[in-house]
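Take a look at the structure below.
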Amino acid sequence: MADVEEREDLEVLLRDEDVFDPPEEFRKQANFNDPAVYDEAEGDWQAWWESWAKKLDWFEPWETVLEWNAPWAKWFKEGKINASYNCLDRHVDNGKGDKVAYHWVGEDGDTRDVTYSELLEMTQRFANVLKKLGVEKGDVVGIYMPMLPETPAAMLGCARIGAIHNVVFGGFSVNSVKERMEVSDAKVLVTADASLRRGKPMPMKEKVDDILGDELPSLKSVIVVKRTDEDTPMTEGRDHWWHEISQEVDTDCEPEQLEAEHPLYILYTSGSTAKPKGIVHTTGGYMTGVAATHEVVFDLKPDDDVYWCAADIGWVTGHSYIVYGPLANCTTSILYEGAPDFPDKDRWWEIVEKYGVTILYTAPTAIRACIKWGDEYPNKHDLSSLRLLGSVGEPINPRAWAWYHKVIGGERCPVVDTWWQTETGHIMITPLPGITRTKPGSATQPFPGIEAAVVRKDGEIVEEGGGFLTLRRPWPGMARTLYKEDDRFVETYWSKYGKDIYNVGDAAKIDSDGYFWIVGRTDDVINVSGHRMSTMEIESAIVSHEKVAEAACIGAKDEDTGQAVVAFVTLEGRAGEGDDDMVQEIRDHVADKIGKLARPKRIVWADDLPKTRSGKIMRRLLKDIAEGRELGDVTTLRDPTVTEKIREKVASGQTDE
Ligand code: WT7
């Protein structure tokens, strides 16, 4: 990113001790512009969250705000609620039925406006179709979809009847779908005939067929949404076209009155081991947390704003800030199907201009890509409707922050750098746009009511300096467990510093103003373009290739994607260096096992890997080599010469893509 680092116009922006006050115009009109909100929440944080829960519609009230048997939390325990009712019915009942919930923008230029009434009808049909296919409260339904209006409707259809959705990002391979359906005993899978990628239809259902059958005995039915005109294989009795089966059911479906702690969804995410973790979120607390943070952090004005979270629904960002938060708040959102640079690199800005987008929420990787493409693309469009910009998924480098602030936000929009995780359910550390003085690169301070601290290895709190990030009291949207793995939940998150302190897994710094600076993961999780992946998972995909003897993966710093996967691979029989075909074969193999996003950017052929005497691969050394750092003491290695050989190969740029 040499160019952005050298730009003097951004330099000027970053002076003045790098502190930005909320723009005065913005501050004056902000929902929250009095710092007293922090004290109020701190004074009684349970009452603070309770005040947000009261803004939702409950069938029955709670008596207990929080029951906390660390690490097991129950929020609003006796309350009865339904997420789809809160996202849809209550707005329609309030006279907002004709309001647009989603301006859907297809990649091919197709558009579709879906109102709250229409979304409610589609949701009820989904719910009734699921019932017709035998789905009951507590059953799991898989969703493997492109970004279509049917995607949120399918999720809400599950929520309506108390079925638990398990969404798999459309960019993952069907093998990942299979694994996730298998562990959760999904009964039904919702998918599409195909998705559009850069103008080309990519078959989905046809691929899904490869995993159906004997190995997934619980999965009895597939609902197929038609997106393209591709020929699509359909198996009688098992596969159903959505446009047909949806017409065979009623448009009315009473929302199930669910306990606050009824699971809303499972979302698999990567952990330190090869096996993904099924994060479980429940209904009442999660809805409270996403609705509150969406309203406060984005300064939402439901009647005026056109809000765009440019993530994919397949990730938690989409679950919380495309579906549940925005709909709970009766927001009008953009739902965009395609890539940011198709048909051209100004696609996003064309959409911002056309719909008058006021709030944009995206990831640093996307911002860095736009910087590379050049200012001329945003400059071609009128972006003056924008009033707030958000960032999520990975640390944002100050230059990218400054570019976003200046070129996209015209220096009038506050930038909120929001830190959170799949596990936290909603935003945890963030500026409040009408209150917080921002420092580019810092997610600033915990959301009101949240307690965070940086600690040393021994758990001692660091007042100023670096260490490990922890969260020190429960919050409503917190993950309740890992699906079918309670022990792993306790061990991963609630053991290291005590059973009531949440171990985040991120390294962080805290400065003299008490601002948090998130550095990155401390475990074997890597972050490529804001997408979370496990090095172990990628390694086990690579070694499952018949010609591979051993592999180690690391996430190396990358100027475009934050981190990039680098794989060190030893071929079977120490066959030396693979050729270009072999590189391709391994990359394809990983795409097939996990998904394209997990493909190594670079493969380094290694006759041997650096191991301790007990045989443990020293990934840290490989990371140091890949990032060009000096190595410390290597004498504890079984064969200290290995690192030198690898370093030479890395330096010679061998097999670089
Ligand atoms: C990990 C969580 C939050 C939804 C998308 C990612 C990193 C996330 C930030 C940020 C620095 C960030 C952390 C975190 N991360 N947001 N604003 N600044 N790092 O969710 O896939 O569960 O990943 O993403 O390392 O632990 P996820």
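Residue numbers run from 1 in the order of the sequence given. Please read these numbers as outputs of a predicted model, since none were measured by experiment.
- The residue from R521, R368, K557, R532 that alone fulfils the salt bridge (charged side-chain N to carboxylate O under 4.0 Å, His left out) condition with E394 is R368.
- H426 has its ring centre no less than 6.0 Å from the ring centre of H294.
- No side-chain donor from either of Y493 and K499 sits under 3.5 Å from a side-chain acceptor of the other.
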Assess whether ring pair (Phe, Tyr, Trp, His ring centres under 6.0 Å) is satisfied between W419 and F516, documenting all intermediate values. CA-CA 10 Å; W419 175 89; F516 289 78; 8.8 Å; no
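- Salt-bridge annotation for K55 and E295: present, with a side-chain N of the basic residue lying under 4.0 Å from a carboxylate O of the acidic one.
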Which is it for D506 and Q421 under the side-chain hydrogen bond (donor to acceptor under 3.5 Å, both in side chains) test, yes or no, and what are the steps along the way? CA-CA 10 Å; D506 280 0; Q421 308 178 294; 4.6 Å; no
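- Remark: R180 is positioned above the aromatic ring of F172, its terminal NZ or CZ atom under 6.0 angstrom from the ring centre and at most 45 degrees off the axis.
- Q445 and Y515 share no side-chain donor-acceptor pair at under 3.5 Å.
- By the neighbour-count criterion of 12 heavy atoms within 6.0 Å, atom NZ of K301 is densely surrounded, having more than that number from other residues, nucleotides or ligands.
- Y265 has its ring centre less than 6.0 Å from the ring centre of H319.
- Evaluation of the side-chain hydrogen bond (donor to acceptor under 3.5 Å, both in side chains) rule for W475 yields no partner, not counting sequence neighbours.
- The side-chain tip of K457 does not point at the ring of F468 from less than 6.0 angstrom away and within 45° of straight on.
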If you apply the rule salt bridge (charged side-chain N to carboxylate O under 4.0 Å, His left out), what do you find for E42 with R473, and how did you get there? CA-CA 12 Å; E42 208 50 28; R473 71 167 73 120; 2.8 Å; yes
Given salt bridge (charged side-chain N to carboxylate O under 4.0 Å, His left out), test D513 with R437 step by step and report yes or no. CA-CA 11 Å; D513 293 328; R437 305 183 80 190; over 6 Å; no
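- For W401 and H405, the ring centers sit closer than 6.0 Å to each other.
- Between W308 and Y361, the distance from one ring center to the other does not fall under 6.0 angstrom.
- Using a 3.5 Å distance cut-off with no hydrogens or angles, the side chains of Y404 and T362 do not pair a donor with an acceptor.
- Aromatic ring centres of W349 and Y377: separated by at least 6.0 Å.
- Checking D382 against S384 by side-chain atom types alone, a donor-acceptor pair falls below 3.5 Å.
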